[in-house]
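Computed from heavy atoms alone, side chains included, the values below leave out hydrogens, waters and symmetry copies.
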Amino acid sequence: MARPIFTVESQETIPKKAQVNLLPCRIHHDGDVNPIDTYWNPQDDQDQTKTAYLRGRKLQGKAVKLPEGYYGTIVEKSEPKKPENPSNDEEMTEVIEIQDDSDDQPETGAMTGKATFDELMVWNHESLANSSEDPYLRGMEEWISFAEQTHSYPEKHSDN
């Protein structure tokens, strides 16, 4: 079996739930912002939406639940685990010569899960985001539909 090019730790080992916000802008900052309330303080509206102001711009947000059976994971780049060598106790029936040419091997990437989520808050300028206009919402819906089609089996029709 080929060596994986990209690995992500499974969800069972991730204890933390995250509150994810999809903003219609880029923020060129990585790291803590304390106190966060100075910059980000969404208010609940009557119709189960939220309103927030970011640098003087009004944002409208709505919660979008992921479909049943799906979850999201917040990941962080990490060092890939070293492949385990088979133990010497196993009897080898065939000798295989492996030529390791490191120039031909793709770099293996690894991610470690930090948190999971089952809903995200989608924000838009001045109005609520909807899947017909918002490329992220539309992409998520189309990707899930595509994934379900590619991982399903065709139904067998009986001629009886």
For this session: Under the side chain to side chain contact (heavy atoms under 4.5 Å, CB included) rule, what do Lys16 and Ile74 come out as? Steps first, then yes or no, please.
Result: CA-CA 10 Å; Lys16 189 176 170 186; Ile74 309 294; over 6 Å; no

What is the distance from atom [atom1] of [X] to atom [atom2] of [Y], rounded to the nearest 0.5 Å?
X: Trp40; Y: Ile27; atom1: CH2; atom2: CD1; answer: 8.0 Å
X: Asp118; Y: Glu68; atom1: CG; atom2: CD; answer: 9.5 Å
X: Trp143; Y: Glu148; atom1: CH2; atom2: CD; answer: 12.5 Å
X: Cys25; Y: Arg57; atom1: SG; atom2: CZ; answer: 9.0 Å
X: Gln60; Y: His125; atom1: CD; atom2: NE2; answer: 12.0 Å

Exercise. Is it true that Asp47 and Lys62 make a salt bridge, defined as a side-chain N closer than 4.0 Å to a carboxylate O?
Worked result: no

Less than 4.5 Å apart, side chain to side chain, heavy atoms only: is that true for [X] and [Y]?
X: Lys58; Y: Thr51; result: yes
X: Met121; Y: Lys50; result: yes
X: Met111; Y: Glu76; result: no

Does [Y] offer a backbone N or O that forms a donor-acceptor pair with the side chain of [X] under 3.5 Å?
X: Gln43; Y: Asn41; answer: yes
X: Thr49; Y: Asp45; answer: no
X: Asp134; Y: Leu137; answer: yes

For [X] and [Y], work out which heavy atoms get closest and say how close.
X: Pro42; Y: Ala52; answer: CA-CB, 3.9 Å
X: Val75; Y: Gly113; answer: CG1-CA, 4.2 Å
X: Leu66; Y: Phe117; answer: CD1-O, 3.8 Å
X: Ala115; Y: Lys17; answer: CB-C, 4.4 Å
X: Tyr71; Y: Thr73; answer: CE1-OG1, 3.2 Å

Hydrophobic cluster identity match, [X] and [Y], side-chain contacts under 4.5 Å:
X: Leu22; Y: Val20; answer: yes
X: Tyr53; Y: Trp123; answer: no
X: Ile36; Y: Leu54; answer: yes
X: Leu59; Y: Val122; answer: no

Exercise. Hey, mind stepping through Leu120 and Lys65 against side chain to side chain contact (heavy atoms under 4.5 Å, CB included) and telling me if it holds?
Worked result: CA-CA 7 Å; Leu120 60 145; Lys65 285 203 159 292; over 6 Å; no

Exercise. In terms of heavy-atom contacts, does OH of Tyr136 have more than 12 from other residues, nucleotides or ligands at under 6.0 Å?
Worked result: no

